[in-house]
Novice: 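For reference, the structure I am asking about is given below.
We name chains A, B, ... by the order of the sequence lines, and we start the count at 1 in each one. Because the structure is a prediction, the values reported are computed rather than measured.
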There are 2 protein chains.
Amino acid sequence: MPKRVDHEERRTQIAEALVRVAGRRGLHAVGMREVAAEAGVSLRLVQYYFETKEKLLLYGLQQLAGQLGARVAERLRAAGDNPGPRATIEALLRESLPTDEESRTFHLVYTSYAVLSVTDEALAAQPFTDDPDAAEDAVTRLLQEAQDARLTAPDMDARGEAAGLLAMSAGLGTSILVGQRTPDSALAVLRLHLDRLFPEGGAGPSID
Amino acid sequence: MPKRVDHEERRTQIAEALVRVAGRRGLHAVGMREVAAEAGVSLRLVQYYFETKEKLLLYGLQQLAGQLGARVAERLRAAGDNPGPRATIEALLRESLPTDEESRTFHLVYTSYAVLSVTDEALAAQPFTDDPDAAEDAVTRLLQEAQDARLTAPDMDARGEAAGLLAMSAGLGTSILVGQRTPDSALAVLRLHLDRLFPEGGAGPSID
DNA sequence: ACCATGATGGTACGGTCGTATCACGAAAAC
DNA sequence: GTTTTCGTGATACGACCGTACCATCATGGT
């Protein structure tokens, strides 16, 4: 047999090129040829590792979803439980805001996928329900911890608040994306909400 | 001179077809020919009234933004001030949720435009900053009224809370769109937030 | 009655897209 | 050393897209 190439590595390389192009020119405008050029390979190679464009998009989505999951997990682990639930949640939500250029690209492409998945049934809707559900679970857990530690109101609906928090964070992210709001003002809005959720005095050390 | 046709009416008719097609197959997939077929006119006519596709999209966006503004204004007028600020805000935000098929199409296409506007500089970003700003002003005003009537905390940051409320509403709308959340559960989350904003006892009659 | 002109239909053109086909190099297996 | 098979390149094909061009019809002004 001839030289064996790590398929998964190539696929990742190409998928990363896809994400870069999509972030620059919009997911709707990416073509196989442009992805190939961005990845530094020939068009044929893109076809070789992903037989069809649909599969390429799907793989790109999965990779993006994986990155998001990994990023959130890392945040959770890095922050640990030491700074207190409030700071952990704040760090988590801040991560999910398109602040720097990288996360901006990430959010743009992810949102593009989401919009496409509504009409293009080929793009599985799983990542758009499973991942948010996982995030909701995580935030819910953190809120419950805070509740157990008497940091929040005893009658707080942790799951509902988590859902609201994440929805607000997502909405703020979109606002930043379209240029309506600055990352700083979005963060301020988020903090305002968290301040009401965590009555003064019980908050852990603020990270900034 | 030959028969004169109301250009604005025709343009509206074609733009409505555009929105219908975009809601069905995705904004990225709409072509001039399909829009023409949906509107019941020939391709040439679409070209005649909108010289280029970009102008067609722009017109469609403006019309969509106008519809949104009109819908919100109507809500504000219909609800009036009689049910109290809380109920008015709730009605406002509920309107901005993709509940029925019509508003679902509306939100999908509007979101598609928003995503496109990030990379396609041709699509003016104004509607994506002006309209939300107007909505924020309206909600801020309502919150201030409520604050003056001692329905909310005296130290509430009306503008910040309005921004958060709208962001959460937008995020919930997207969740509904991608099938992660049902309209009912989204509404419940919204009410949960409003309940905390408006302490019990001061709320006006609930509308349902 | 007869034009001038707005409205409309039909169709062709250049380009790009995703995909398929053909061909070749190179290295592991025997 | 030959053969088989993976990896890679170049290129062609058919479809569709947005746009442009040309012809025709209908009608209001004179």
Novice: Below 4.0 angstrom, N of the basic side chain to O of the carboxylate: do E51(A) and K55(A) qualify?
Specialist: yes
Novice: Taking only nitrogen or oxygen atoms into account, show me every contact under 3.5 Å that the protein makes with nucleotides 9-11 of chain D, one pair per line with its distance.
Specialist:
from   : atom 1 : to     : atom 2 : distance (Å)
dG9(D) : OP2    : S42(A) : OG     : 2.9
dG9(D) : O6     : R44(A) : NE     : 3.1

Novice: Rounded to whole Å, how long is the line connecting atom CD of E51(B) with atom P of dA7(C)?
Specialist: 13 Å
Novice: Given atom NE2 of H28(A) and atom C1' of dC17(C), what is their separation to the nearest angstrom?
Specialist: 14 Å
Novice: What is the distance from NZ of K53(B) to C1' of dC16(D), rounded to the nearest Å?
Specialist: 11 Å
Novice: Could you give the CG-to-C1' distance, from L56(B) to dC17(D), as a whole number of Å?
Specialist: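 In whole Å, dC17(D) C1' lies 14 Å from L56(B) CG.
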Novice: Would you kindly say whether D100(B) and S103(B) are connected by a side-chain donor-acceptor distance under 3.5 Å?
Specialist: yes
Novice: Between dG18(C) and T52(A), is there an OP1 or OP2 to side-chain N/O distance shorter than 4.0 Å?
Specialist: no
Novice: Assign V35(A) to base, sugar-phosphate, or nothing according to its heavy-atom contacts below 4.0 angstrom with the strands shown.
Specialist: nothing
Novice: Phosphate oxygens OP1/OP2 of dC6(D): is one of them under 4.0 Å from a side-chain N or O of H7(A)?
Specialist: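 False: H7(A) side-chain N/O out of range (4.0 Å or more) of dC6(D) OP1/OP2.
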Novice: Decide, yes or no, whether a salt bridge links E136(B) with R181(A) under the criterion of side-chain N to carboxylate O below 4.0 Å.
Specialist: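 Result for this pair is yes, salt bridge flagged.
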Novice: With a 4.0 Å limit, can you tell me whether Y48(A) has a side-chain N or O closer than that to the phosphate oxygens OP1/OP2 of dT8(D)?
Specialist: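 No, because none of the side-chain N or O atoms of Y48(A) sits under 4.0 Å from OP1 or OP2 of dT8(D).
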Novice: Would you confirm whether D120(A), through its side chain, and L123(A), through its main-chain N or O, come within 3.5 Å as a donor-acceptor pair?
Specialist: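 Checked: no pair found.
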Novice: Atom NZ of K55(B) and atom P of dG18(D): how far apart are they, to the nearest Å?
Specialist: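 Answer to the nearest Å: 16 Å.
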Novice: Could you please spell out the steps behind the salt bridge (Lys or Arg N to Asp or Glu O under 4.0 Å) verdict for R86(A) and E90(A)?
Specialist: CA-CA 6 Å; R86(A) 147 92 203 230; E90(A) 185 175 327; 3.1 Å; yes
Novice: To the nearest angstrom, how far is D120(A) atom CG from dG18(C) atom P?
Specialist: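 So the two atoms are 13 Å apart, to the nearest Å.
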Novice: Between F128(B) and Y113(B), is the gap from one ring center to the other below 6.0 Å?
Specialist: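 Centroid distance F128(B)-Y113(B): not below 6.0 Å, so no.
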Novice: Pick base, sugar-phosphate or nothing for Y49(B), based on heavy-atom distances below 4.0 Å to the nucleic acid.
Specialist: sugar-phosphate
Novice: Can you measure M32(B) atom CE to dA20(D) atom C1' for me and round it to whole angstrom units?
Specialist: 12 Å
Novice: Within the 4.0 Å heavy-atom criterion, would you say V46(A) contacts the bases, only the backbone, or no part of the nucleic acid?
Specialist: nothing
Novice: Is the side chain of S169(A) donor-acceptor paired with the backbone N or O of L165(A) at a distance under 3.5 Å, no angle test?
Specialist: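 Pair absent, no side-chain N/O of S169(A) close to backbone of L165(A).
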Novice: What is the distance, rounded to the nearest whole Å, between atom CD1 of I14(A) and atom C1' of dG7(D)?
Specialist: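 From I14(A) CD1 to dG7(D) C1': 12 Å.
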